[in-house]
4 protein chains.
Amino acid sequence: MDEVRRRGRPRDAGRDKAILDATRSALLRDGYAGLSMEKIATAAGVGKPTVYRRWPSKAALVGDAVLDSFLSDAPDALNPDRPPAEQLTGWYQAYATAAAEPCNAAMILALTAAASESPRDARSLYEQHSRAQHEAVVDCLRAGVQSGDFRSDADLNAVASALIGSVLYQLLTQTDTAVVVRTGNLLDILLAGLRAFGR
Amino acid sequence: MDEVRRRGRPRDAGRDKAILDATRSALLRDGYAGLSMEKIATAAGVGKPTVYRRWPSKAALVGDAVLDSFLSDAPDALNPDRPPAEQLTGWYQAYATAAAEPCNAAMILALTAAASESPRDARSLYEQHSRAQHEAVVDCLRAGVQSGDFRSDADLNAVASALIGSVLYQLLTQTDTAVVVRTGNLLDILLAGLRAFGR
Amino acid sequence: MDEVRRRGRPRDAGRDKAILDATRSALLRDGYAGLSMEKIATAAGVGKPTVYRRWPSKAALVGDAVLDSFLSDAPDALNPDRPPAEQLTGWYQAYATAAAEPCNAAMILALTAAASESPRDARSLYEQHSRAQHEAVVDCLRAGVQSGDFRSDADLNAVASALIGSVLYQLLTQTDTAVVVRTGNLLDILLAGLRAFGR
Amino acid sequence: MDEVRRRGRPRDAGRDKAILDATRSALLRDGYAGLSMEKIATAAGVGKPTVYRRWPSKAALVGDAVLDSFLSDAPDALNPDRPPAEQLTGWYQAYATAAAEPCNAAMILALTAAASESPRDARSLYEQHSRAQHEAVVDCLRAGVQSGDFRSDADLNAVASALIGSVLYQLLTQTDTAVVVRTGNLLDILLAGLRAFGR
DNA sequence: GAGTAACCGAGACGGTACGTCATGTCTTAAT
DNA sequence: ATTAAGACATGACGTACCGTCTCGGTTACTC
């Protein structure tokens with residue numbers, strides 16, 4: 001049960017927070033391209049080695065910075081007591097609205113930049129963040145299948161990818177992040193298709 | 001018709017090609033993060049100022065490099081003589097297959113990195129590349145609406161975004177690009193929804 | 001006797017003047033270090049090749065620019081009708097005064113920079129400019145020797161070098177060019193020595 | 001007495017030496033014009049920022065490089081136990097001989113180039129180097145005045161300037177540095193003048 | 001008066017160096 | 001052992017000039 005007590009001075013957990021905060025505000029101000037470990041360390045009132053001791057790379061740091069700011073609570077919008085279609089409607093509205101907020105949009109773009117910049121070590125990072133959303137949506141869809149609402153031969157992963165990917169695509173191509181909120185009736189079309197297709 | 005001849009020695013068009021080629025192979029080898037104007041110039045057998053004279057930034061250069069390598073001919077898969085649903089099926093297959101090729105995947109990721117890294121000057125860049133695809137798909141859908149195949153109150157932009165965004169999302173989250181090809185039956189679901197929803 | 005007439009359009013002599021003027025004002029403004037062929041050409045309203053067609057290097061251009069602005073008339077202060085000592089007194093006063101003028105000081109420093117920067121091709125350049133002064137002084141001293149005013153075993157070149165070199169040394173070491181004018185009684189001491197030494 | 005220990009990793013004094021050595025050999029090989037911070041850093045096995053951290057400009061670096069190689073011990077030739085005239089004779093011989101050595105000549109020319117290139121920030125630099133020589137000579141002359149050997153109304157600074165300036169002038173105008181050694185009988189003339197003039 | 005050769009401006013070109021910035025590692029003294 | 005500070009080698013950044021070249025266009029001699 002006892003953790004192995006490392007010898008010497010223990011790490012100050014407060015530094016973690018300071019670094020992550022500095023990372024987020026730098027991300028908001030300058031975007032991913034304008035980020036630098038140097039500026040983050042200075043802004044956090046911390047030495048560079050302290051940053052490197054905790055995160056091995058810029059991508060990992062950005063990953064953690066984004067992780068504890070957003071997306072972690074989004075699946076909560078899925079209320080398991082309602083019918084799947086209603087659950088998804090509520091969730092997609094909440095998800096798109098959150099993504100359209102400039103502050104969150106910057107985080108998602110940063111994550112995208114980190115992932116696309118160096119696919120090798122960063123792709124899993126992006127996936128780690130979307131997985132929570134993705135799996136929640138698939139679970140909900142699966143419930144719909146089991147209740148007979150949706151066809152059983154539908155590729156639920158593909159549907160979830162379409163919903164999340166659509167928002168991402170809008171963020172990348174629209175200058176005005178407000179547009180992202182208007183998801184149109186995409187979900188309605190998908191739900192109709194899930195009930196009807198193949199017939 | 002005669003363009004006004006700019007004074008001074010005209011630019012050598014061959015350099016453009018050499019630089020774009022060097023950019024593409026560097027992108028394939030090292031990804032967007034490993035790119036450097038310095039190495040591109042050297043690989044192209046060209047001085048750095050020659051690069052900067054033509055492209056103001058790495059993002060702009062990557063944009064053009066990707067533009068003239070791929071995606072320009074993809075909309076050709078839409079054959080206007082067939083019914084819209086068939087057209088879309090053929091196109092989506094072709095699009096996903098092309099995007100899954102490692103070479104093209106690298107280009108799309110590079111574009112995504114450029115656009116997400118510095119939204120300000122680069123977002124239009126990404127949009128410029130997807131616009132051709134996007135508009136072709138929307139046109140095809142619109143034809144379906146006019147022929148009575150699809151419901152008239154569907155948000156066609158949302159559907160197109162779902163198709164393209166889904167592929168993009170897969171590229172970012174899947175380590176194995178081959179997975180992208182399997183678009184599942186997303187298009188079938190959407191088509192069914194387009195015919196049925198609201199009824 | 002006839003110069004070989006070069007065929008084709010003859011050079012426009014007006015450009016020479018424009019280039020030399022531009023060189024001099026650039027020299028006054030920025031010093032030798034701030035000089036660039038590029039800026040000179042632009043300031044003179046002339047293309048770079050026009051400059052290179054006439055002067056092979058920055059040093060050569062600076063040489064000519066200094067030459068036709070100053071120093072060419074300084075030996076005139078030596079009036080051959082007066083006794084050598086008086087001649088030299090008048091000349092040294094004129095020389096030091098001219099050298100102390102900020103405009104002339106800048107030219108001399110430029111010449112010194114050109115000569116010291118690349119001894120190989122530029123040393124003769126400096127020598128070409130001081131030769132007129134140097135020889136005039138030596139001639140004057142020689143007249144004093146022949147008239148019996150000065151000892152015949154004096155090294156006249158050494159005396160001339162001391163006079164000119166002293167001014168140069170002051171220019172290099174004194175921030176305040178006005179100081180250069182005060183040559184003290186160096187010439188008096190030298191003249192006394194020329195009459196007396198060895199006795 | 002204890003200096004306040006600056007925080008952080010202290011500078012490695014060995015780098016200073018390596019950089020100064022590299023500067024001197026580059027100066028000998030290519031002259032001041034051929035100097036580049038880039039090559040110096042490479043030759044010293046040092047990064048460019050390490051050079052710029054210690055010297056703000058090429059001129060300052062050259063100044064220090066010359067300073068600790070030469071001229072610092074030259075005044076030693078003045079032996080205070082001998083009569084001033086003998087002291088000066090010995091010193092001038094040593095000084096001219098040292099200046100004529102190709103290695104030292106290159107250093108003096110580099111210093112001259114640095115000082116004349118950008119008078120603003122570099123003139124004091126040259127002065128700093130010649131001051132030791134200059135003051136030693138003036139002190140020696142003053143001793144001669146006090147002992148009654150030299151006239152009391154002589155401008156001693158002017159005499160020192162003539163001696164040092166004469167050598168400098170020769171270095172700039174003579175291609176053959178060996179010539180510099182032959183200072184002629186300039187010092188004899190000056191000494192005679194210092195004893196006799198005005199009488 | 002038609003060639004034509006050298007001139008002219010502008011500016012592209014391959015280079016080289018500039019001086020700055022960020023990277024990730026290290027060394028130090030202090031906690 | 002961790003901390004902040006900061007030196008360090010490396011290497012890319014974007015800019016400025018270098019000296020050469022290639023353009024379209026202009027002169028002014030020569031045939």
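The chains referred to below are lettered A, B, ... by the order of the sequence lines, with proteins before strands, and numbering in each begins at 1.
Spacing between atom CG of D/L61 and atom C1' of E/dG19 amounts to 14 Å, rounded to whole angstrom units. Spacing between atom NZ of D/K39 and atom P of E/dT16 amounts to 10 Å, rounded to whole angstrom units. The CZ atom of D/R54 sits 17 Å away from the C1' atom of E/dG19 (whole-angstrom rounding). Residue B/Y52 contributes atom OH, which lies 17 Å from atom P of E/dA12 at whole-angstrom precision. Rounded to a whole Å, the CG atom of D/D16 is 8 Å from the P atom of F/dC8. Note: CD1 (C/I40) to P (F/dA16) measures 17 Å, nearest angstrom. Taking atom CE of residue C/M37 and atom P of nucleotide F/dG19, one finds them 6 Å apart after rounding to whole Å. E/dT31 atom P lies 14 Å from atom CZ of A/R15, rounded to whole Å.
To the nearest 0.5 Å, the span separating OG on C/S36 from NZ on C/K48 amounts to 8.5 Å. Note that CG of C/L28 and OG1 of C/T23 are 11.5 Å apart. Values are rounded to the nearest 0.5 Å. In this structure, A/T112 OG1 and A/L172 CG are separated by 5.5 Å, a value rounded to the nearest 0.5 Å. Going from atom CZ of A/R54 over to atom CG of A/D64 covers 12.0 Å, rounded to the nearest 0.5 Å. A/L109 CG to A/L27 CG: the interatomic distance, rounded to the nearest 0.5 Å, is 9.0 Å.
Each of B/S36 and B/G8 was assigned the nucleotide of DNA chain F with the nearest heavy atom; the assignment lying further toward the 5' end belongs to B/S36. Ranked by how close their nearest DNA chain E nucleotide is to the 5' end, A/G34 and B/A13 are led by B/A13. Judged by closest nucleotide on DNA chain F, A/P49 is the one of C/K58 and A/P49 placed further toward the 5' end.
Across F/dA12, E/dC13, E/dT28, the shortest atom-to-atom separation from the side chain of D/K48 is found for F/dA12. The side chain of A/T50 lies closest to F/dA4, out of F/dA4, F/dC8, E/dC13.
Remark: the D/R9 side chain and the E/dC26 base include a donor-acceptor N/O pair separated by less than 3.5 Å.
At the heavy-atom level, B/R53 lies under 4.0 Å from base atoms of the strands shown.
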